[in-house]
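Take a look at the structure set out below.
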Amino acid sequence: MVLPGIALLAVAFNTAWNLVQSEVWRSQTEDFLDHWVAEAKTEAGFTVDKEEWLLTLAGADNALDNMPGSPELQMMRAQVLNRGVQNGWAVNDSGEPMELDAWQQAILQRPGWPYSWSSYAQARSQRSLIDQQLEQALVRADQLGPWEQQVMENATILGRYYRGWLSEPVQNILDDSQQRLVKLYPHRAKQIERQYPLP
């Protein structure tokens, strides 16, 4: 009776320890990501230092090592990889951007989460991959999170920017999403309309 109790206690302690370690690494990584976003807003031409990026990527990897089933951590890692791709660092041996794999892993870990689908669509668009996978991701994000502000904003931006490149049914879905954004967040919708004028 004592031995199973000790084993259960050891498993609980190990799980708690992994959670604490993952949280420490996640916090450090998010601090770097937030810093980069803030610097990019205030400093024109801001670039991330490679050593700082490698340290941040190691933090994301360590967080995931301690909590491997977390789609949130996988998305965070994808954001770090995206920064690396922008500087030509985060590519695999065949030259493909590595963050697309991270977004796909986030989707596999939580297929019913609209944010990973929306972010995956955005990542594909940034790589000029305007294809069926992009459209599927946009449609799935809209199905799962039609009232989520981040999903509506991303759909509006991509729907305006790639108008004429997307199939008519997908464009109609994105236009509907834009109308929801206009009703719920009119100020933000106007900002996007000014930033991404229709041709």
- [ ] Decide yes or no on side-chain contact (heavy atoms from CB on, under 4.5 Å) for Glu72 and Met76, but give the supporting numbers first.
- [x] CA-CA 6 Å; Glu72 293 92 344; Met76 182 183 69; over 6 Å; no
- [ ] Could you check Leu166 against Leu134 for side-chain contact (heavy atoms from CB on, under 4.5 Å), going step by step and ending with a plain yes or no?
- [x] CA-CA 9 Å; Leu166 302 169; Leu134 169 80; 4.0 Å; yes
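- At least one donor-acceptor pair closer than 3.5 Å links the side chain of Arg160 to the backbone N or O of Tyr196.
- No donor-acceptor distance shorter than 3.5 angstrom exists from the side chain of Asn82 to the backbone of Ala78, with no hydrogens or angles considered.
- Within 6.0 Å of CD in Glu43 there are more than 12 heavy atoms belonging to other residues, nucleotides or ligands.
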Task: Worked verdict on Glu153 versus Gln149 for side chain to side chain donor-acceptor pair (under 3.5 Å) - done: CA-CA 6 Å; Glu153 286 183 11; Gln149 182 178 358; 2.7 Å; yes
Task: Chi angles and distances behind the side chain to side chain donor-acceptor pair (under 3.5 Å) call for Gln105, Asp101 - done: CA-CA 6 Å; Gln105 286 300 315; Asp101 293 335; over 6 Å; no
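- Scanning all heavy atoms of the two residues, the minimum distance from Val151 to Ser177 falls at O-OG, 4.4 Å.
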- [ ] Starting from the C-alpha separation in whole Å, work towards a yes-or-no answer on side chain to side chain donor-acceptor pair (under 3.5 Å) for Trp117 and Gln143.
- [x] CA-CA 10 Å; Trp117 287 101; Gln143 289 170 340; over 6 Å; no
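- At least one side-chain heavy atom of Gln133 sits under 4.5 Å from a side-chain heavy atom of Gln104.
- Judged by distance alone, the side chain of Arg180 and the main-chain N or O of Met152 form no donor-acceptor pair under 3.5 Å.
- In this structure, Glu135 contributes its side chain and Ser167 its backbone to a donor-acceptor pair below 3.5 Å.
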- [ ] Decide side chain to side chain donor-acceptor pair (under 3.5 Å) for Tyr115 and Glu148; before the verdict, give the C-alpha distance in whole Å, the side-chain angles of both, and the deciding distance to 0.1 Å.
- [x] CA-CA 9 Å; Tyr115 303 109; Glu148 298 296 325; 2.4 Å; yes
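- Below 30°, between 30° and 60°, or above 60°: for Tyr162 and Trp165 the angle between ring planes is above 60°, a perpendicular geometry.
- Interatomic distance, OG1 of Thr156 versus CD1 of Ile192, reported as 5.5 Å (0.5 Å rounding).
- Not a single donor-acceptor pair under 3.5 Å links the side chain of Ser118 to the backbone N or O of Pro114.
- In this structure, Gln109 contributes its side chain and Pro68 its backbone to a donor-acceptor pair below 3.5 Å.
- Using modelled atom types, one side-chain atom of Trp53 and one backbone atom of Val80 make a donor-acceptor pair closer than 3.5 Å.
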